[in-house]
There are 2 protein chains.
Amino acid sequence: MATIQEVSRLAGVSTATVSRVLNNSRGVKPSTRERVLRAIQELDYHPSSMGRNLRLNQTCCVMVILNDITNPFFARIVRTIELTARSHGYHVLLFDSVESDCSASEILDVVTSRKIDGVIFLSSKSNLEEFYRISKECPIVLAGEYVDYLDIPSVSIDNIAAAIEATNHLISLGHRDILYMNTSDKDRLRGYLIALELAGIPIRPELQVESDWTYAGGYAAMEQALRDGLEFSAVFCVPDVAAIGAIKALRDNQVRVPEDVSVIGFDGIEVAEYVDPALTTISQPLEEIGRQAFELWLSLMSKNPLPYPIRVPYNLVRRDSCAPYRER
Amino acid sequence: MATIQEVSRLAGVSTATVSRVLNNSRGVKPSTRERVLRAIQELDYHPSSMGRNLRLNQTCCVMVILNDITNPFFARIVRTIELTARSHGYHVLLFDSVESDCSASEILDVVTSRKIDGVIFLSSKSNLEEFYRISKECPIVLAGEYVDYLDIPSVSIDNIAAAIEATNHLISLGHRDILYMNTSDKDRLRGYLIALELAGIPIRPELQVESDWTYAGGYAAMEQALRDGLEFSAVFCVPDVAAIGAIKALRDNQVRVPEDVSVIGFDGIEVAEYVDPALTTISQPLEEIGRQAFELWLSLMSKNPLPYPIRVPYNLVRRDSCAPYRER
DNA sequence: CTGTTAGCGCGTTCAA
DNA sequence: TTGAACGCGCTAACAG
């Protein structure tokens with residue numbers, strides 16, 4: 001590996017001049033620039049980003065923290081973040097907290113050791129407070145989620161409004177006994193409750209069940225609900241993967257979707273369109289969330305930060321998993 | 001941000017001693033170690049990885065290069081790589097070449113600028129030759145794929161044998177007109193051809209169709225096959241996501257699966273179990289591939305590299321998308 | 001057991 | 001337009 005020193009020797013100039021050529025600083029005589037360029041080529045020289053980063057006190061790396069990259073929802077956001085970051089000369093460091101959601105200290109260590117320039121959270125379950133403290137020196141952005149108790153830059157849809165719309169869709173089809181799946185998601189649970197209340201439907205707490213954010217979690221939660229003898233004609237499942245798992249559980253228990261039970265999901269992942277019945281869901285603009293998250297993050301380090309929170313539009317995608325209510 | 005200097009001043013020792021305490025070098029009097037530790041705590045000091053990396057000429061970062069993180073196959077491998085890497089003090093830098101498969105130079109630049117210590121490829125479509133050249137100074141590992149024309153460390157199943165088994169499964173069910181989807185995958189195509197030949201089934205080139213590695217790609221390819229009037233009673237789809245897309249295309253064209261056409265996939269992604277009909281497929285041990293890929297990579301930088309290539313077991317998972325051949 | 005010294009590779013003053 | 005010198009934060013060789 002050639003260094004800037006060797007280049008300078010070969011070109012017969014100082015390292016300062018090589019550095020100037022490298023960074024396109026003006027004030028270099030064309031002929032010497034030419035010589036330097038030739039030396040660089042001859043030695044196949046590539047500037048060391050380590051030396052550069054130390055000098056500039058930056059890493060050009062963002063860390064993306066999420067709960068499970070195998071959830072297509074996160075994967076699609078990450079893909080766009082990475083693409084956008086790369087086009088701005090940044091790299092993405094992945095941190096999948098799937099097995100250790102509480103290990104904030106582990107993440108904090110990466111931040112404080114200046115291994116990264118900032119953080120984009122795709123999951124609000126981590127202890128955001130701890131990160132909020134250092135967000136002045138190390139910008140953080142929340143993508144896909146929103147918290148109201150902290151002044152954290154974020155880009156997301158209006159989760160409560162979206163959940164209201166999802167629930168209203170079921171209500172408008174005549175359903176009144178609506179199961180809500182995934183109580184760990186507070187915003188969407190709130191939307192569900194608001195919608196019921198607005199429609200004058202009494203709230204039955206037993207219809208609020210917990211699940212995790214996986215196919216298997218949705219399957220298990222629905223199995224449990226059926227075993228518990230819960231009576232419902234529709235389900236609002238957060239997220240889509242849980243909905244797909246729940247549909248299989250219904251099918252395995254001879255409950256037809258949507259004839260016997262309607263199911264609506266949340267996220268709008270690609271496979272929702274390919275399962276049978278195709279999943280009705282709230283679709284989020286995942287690419288837009290990813291792109292805007294990175295750009296918001298980047299702006300945070302400039303003189304003119306973008307205004308936040310950023311709200312992006314969602315929309316209800318009607319497919320085949322919801323049908324009008326029928327007496328069973 | 002406190003530096004090692006400030007810590008040494010506060011503790012009344014030299015920076016070398018602080019460094020010794022930091023790295024748990026033996027030969028530090030317990031009392032001074034105590035003083036240093038207190039100073040570190042008081043200043044909330046965190047060692048700068050940039051300084052450290054420059055000195056040690058390492059980054060403790062691996063780059064994972066893949067074609068599309070939204071493919072659950074890759075996502076699951078990446079998740080395990082990241083988890084394993086982290087447990088060894090390494091971080092994972094993502095490079096999703098989804099929109100620019102040919103940009104080897106872009107990747108090479110990251111490598112040669114010493115921004116990472118090595119590379120794990122999850123896709124063999126990139127120009128591996130270019131990377132092979134630098135693999136001495138910057139180890140590379142291939143995960144999930146295998147190439148025989150280069151001496152590249154890899155961990156994967158035996159793709160050809162697996163493809164033979166998949167095809168044989170269809171043949172053993174009485175199918176003879178078997179569509180193969182995804183000709184860009186040479187190994188599995190080869191297995192398909194070998195299986196046909198062994199069974200004495202004439203090869204019909206028109207039954208080998210191209211697709212990309214997405215739900216939509218599988219859907220489009222199957223639509224095209226039906227439009228072309230191709231006659232077949234079974235399909236071997238690479239990968240699972242394409243198979244799921246293809247199944248929907250069949251369904252949308254009033255072809256029943258598995259009654260009219262049997263479908264077998266390849267990969268064993270989680271959702272394959274949840275679609276209807278549940279997808280019969282070749283299941284790969286994705287977590288094992290991810291873990292071993294990182295450990296192989298790590299060993300490449302030590303004195304005792306693990307032997308390679310590493311072969312991991314696959315297995316045929318019989319579900320509901322394949323049925324015995326019936327005259328239509 | 002501890003301190004001094006010398007870089008790792010780079011960007012950036014300050015002079016010339 | 002260029003070069004000398006310095007320092008970013010850290011570790012390691014050597015000396016004491």
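Per chain, numbering begins at 1; letters A, B, ... match sequence-line order.
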- Message: Could you check whether Glu42(A) pairs with Arg38(A) (Lys NZ or Arg NE/NH1/NH2 to Asp/Glu carboxylate O, under 4.0 Å)?
- Response: no

- Message: In this structure, how many angstroms lie between the P atom of dC8(C) and the CG atom of Leu56(B), rounded?
- Response: 14 Å

- Query: Taking the side chain of Leu54(A) as its heavy atoms from C-beta onward, which of dC10(D), dG9(C), dG11(C) lies nearest to it?
  - Reply: dG9(C)

- Task: Please determine, by modelled atom types, if Gln58(A) and Asn53(A) share a side-chain donor-acceptor pair under 3.5 angstrom.
- Result: no

- Distance, rounded to the nearest Å, where Met50(B) contributes CE and dG11(C) contributes C1': 14 Å

- With sequence neighbours excluded, residues passing side-chain contact (heavy atoms from CB on, under 4.5 Å) with Arg9(A): Glu6(A)

- Query: Is there a side-chain contact between Tyr308(B) and Val141(B), using heavy atoms and a 4.5 Å cut-off?
  - Reply: no

- What class does the angle between the rings of His88(A) and Phe294(A) fall in, given that below 30° is parallel, 30 to 60° is tilted and above 60° is perpendicular? tilted

- Counting only N and O atoms by type, is there a donor-acceptor contact under 3.5 Å from the side chain of Asp117(B) to the main-chain atoms of Cys60(B)? yes

- Task: Using whole Å, report how far CZ of Arg52(B) lies from C1' of dG7(C).
- Result: 17 Å

- Query: Do any of residues 10-38 of chain B sit with a heavy atom less than 4.0 Å from DNA chain C, and if so which?
  - Reply: Gly12(B), Val13(B), Ser14(B), Ala16(B), Thr17(B), Arg20(B), Gly27(B), Val28(B), Lys29(B), Thr32(B)

- Would you kindly give the CG-to-P distance between Asn57(B) and dC8(C), to the nearest whole Å? 11 Å

- Note on the structure: Rounded to whole Å, the NE2-P distance (His46(A) to dC10(C)) equals 12 Å

- Query: Between Arg55(A) (CZ) and dA5(D) (P), how many Å, whole number?
  - Reply: 17 Å

- Query: Given atom CD of Gln58(B) and atom P of dC10(D), what is their separation to the nearest angstrom?
  - Reply: 15 Å

